[in-house]
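Below you'll find the structure, written out as structure tokens, and then a few comments.
Each chain gets a letter, A, B and so on, in the order its sequence line appears, and its residues count up from 1.
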2 protein chains.
Amino acid sequence: MPPPRDQQLLVKAARLYYEEGRSQNEIATALQVSRSSVSRMLTAARERGIVRIQINDPTGRDMDLESELTARFGLRDCRVAEIHSGDRPLSRVGDLGARWLLDNLHPGQQVGVSWGHGLQAVVQHIPDEGGLDVEVLPLVGGLSAVDSAISGEELVRDLAGRVGGRFQRLHAPALLTSKAGRDVLLAEPSIQRTLDAARRVQVALVGIGSAGHGSSASLVKAMSLSESERERFDAAHPAGDVCARFFDAEGKAILGPTDDRVLGVSLADLAAIPLVAGVAAGPEKAGGALGALRTRVLDVLVCDSSLARALLARDAR
Amino acid sequence: MPPPRDQQLLVKAARLYYEEGRSQNEIATALQVSRSSVSRMLTAARERGIVRIQINDPTGRDMDLESELTARFGLRDCRVAEIHSGDRPLSRVGDLGARWLLDNLHPGQQVGVSWGHGLQAVVQHIPDEGGLDVEVLPLVGGLSAVDSAISGEELVRDLAGRVGGRFQRLHAPALLTSKAGRDVLLAEPSIQRTLDAARRVQVALVGIGSAGHGSSASLVKAMSLSESERERFDAAHPAGDVCARFFDAEGKAILGPTDDRVLGVSLADLAAIPLVAGVAAGPEKAGGALGALRTRVLDVLVCDSSLARALLARDAR
DNA sequence: AGAACGTACGCACAAATGTGCACATGCCGG
DNA sequence: CCGGCATGTGCACATTTGTGCGTACGTTCT
């Protein structure tokens, strides 16, 4: 057999062609092969994945805000939906979130999701094509108390259906009325197993709650805090939550009874996940999103331009 | 001014050309423009970054081991140097590490580094070309007690010089003989500032120490532990360290006196950094590297094939 | 309004690229 | 040892792609 196509040579040809922009003729001379070989080598390089061509659609995105947010908050990636009057921000953010997820989720991986309107919007915008072979996991328990439209259970199943993957369920509520109650459930092998798997996902997609808005408000109610607990919680100045884990405006986790009654991954667990994306829409979420960014748990932010501007203004130095 | 080239159309053309492999003629018909316009649109798409072409050099890498490690330990990326008899593993790993860093470090970002032979090898393999405009920061204090060849101070300066960026110094030792001593230094504004900046880097590159080998051994000495402290430390079964932060074989951080005397970022700080890469070479590092992977602080591993195989064997399920 | 400019378009031609074919080379199995 | 068989190469030709030029159209400035 003749020597298998020399990888080294393929790489060299690809560099000359795609990076330095030389013609195949020049490359042929430089590498001492015929021009037609160069043509074939480049084809081989593309086929073998040595050359990767990806297209990145900036339509409807505000790249300036994206790079400012990326720099300011040390993010790995950022998607900002340009909102024109009349647009439904949530829908545009959902679209960008869906595209981000499809760009960053690779076959064979696991992905964890929380819940919320933002997440729901993302999942709705994922085309129902299947064939990705990923596993979808819930990062927190179910929420019966909150608006049923945004239940996590559904979201996990719907997402798995659309991308064409498997999923696991977490047969437990997200919020318990006591730490003891939560700990009993945590001891359940099936719950432990799912939660352990959730901690090991490669990609997590979470909604960002903001104090007093949407589910964040309902969450607090569902914990049925005593008066003193409630006071203690308020004294810590909660700014928002991710996966029902609250933090203040500086991004400091708020522990104590409110945290002990949550069944789901912790903020530290999230920090350990290689790629965590937060989704939020609307300037009223600025408080929560700012705190979330400062927890440094998020690697990626998907939001709309008005929220982006609010974040940059509030974080002004 | 006529409306700027329709982004939407550029994207559509790029998709048809690069993803579906249609000829420019077909695209011209489909989009109702002349073929020459299609040619120009594609050029524009490349210039505006809508189409990105990257080449990925698999030379000297074992892609099979890479994907196995990636899957097994939930990494975001992995580079495994194929070692043939006679190669110096460290040199090959350094080369891959350098290439990884150049692929993942973007202009305007900050990068944090620790120290060690592995890091030194990486820095040596970075071509002295400059023009990247990044800032290099030390993640831990200096090490005078350990082999001077691997001092972090030098590494930071050398790396900054090669990539052509700025750097900051941490005017303090990594290891103190008491927590009080460290806390005094931590209170220094200049030190606090640098360390704060180090916590905010977008990319971190760290060496992985393994208990009893290389600098890990010297580190313990330099802390001058009392007998009881030493016993307590050993009882926790240290498997290795990253940035002088020790952990056991399960990846659990080892706190206590040994940890309190370190001046540098913590494991939790590292977990919060969006992209952390660990570098290690040689199968004797398996213990430390396995623990490090299990801390889930690392997003990326750069190693050689013998270490990769040792890791997979030890982690067998 | 009209000049001056910048951008985009199509045509036609030149240059670059892809590919069918014939042939070389190393390996295997009878 | 010799005929497949698989892989790689160069040649010649067909197709595809890039680009200079003349033109059209909208914006801005005078």
Rounded distance (Å) that lies between atom [atom2] of [N] and atom [atom1] of [X]:
X: B:Leu10; N: C:dT7; atom1: CG; atom2: C1'; value: 14 Å
X: B:Gln32; N: C:dA8; atom1: CD; atom2: C1'; value: 17 Å
X: B:Leu31; N: C:dG10; atom1: CG; atom2: C1'; value: 16 Å
X: A:Tyr18; N: C:dA16; atom1: OH; atom2: P; value: 16 Å

Any non-hydrogen side-chain atom of [X] less than 4.5 Å from a side-chain atom of [Y]?
X: A:Leu96; Y: A:Val80; answer: no
X: A:Phe167; Y: A:Leu159; answer: no
X: A:Leu132; Y: A:Leu105; answer: yes

Using the side-chain hydrogen bond (donor to acceptor under 3.5 Å, both in side chains) criterion, which residues pair with [X]? Sequence neighbours excluded.
X: B:Ser23; answer: none
X: A:Glu82; answer: none
X: B:Thr70; answer: none
X: B:Ser34; answer: B:Ser36, B:Ser37

Pairing of A:Arg92 and A:Asp304 as salt bridge, 4.0 angstrom limit: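 The answer is no: the pair does not qualify as a salt bridge.
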End-to-end axis angle, where each axis spans five pairs of the helix from C:dA1-D:dT30 to C:dG30-D:dC1, to 10°: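 The end axes of the helix from C:dA1-D:dT30 to C:dG30-D:dC1 are about 30° apart, to the nearest 10°.
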Base contacts versus sugar-phosphate-only contacts with protein, heavy atoms under 4.0 Å: please encode nucleotides 17-23 of chain C as B, S and - from 5' to 3'. BBBB---
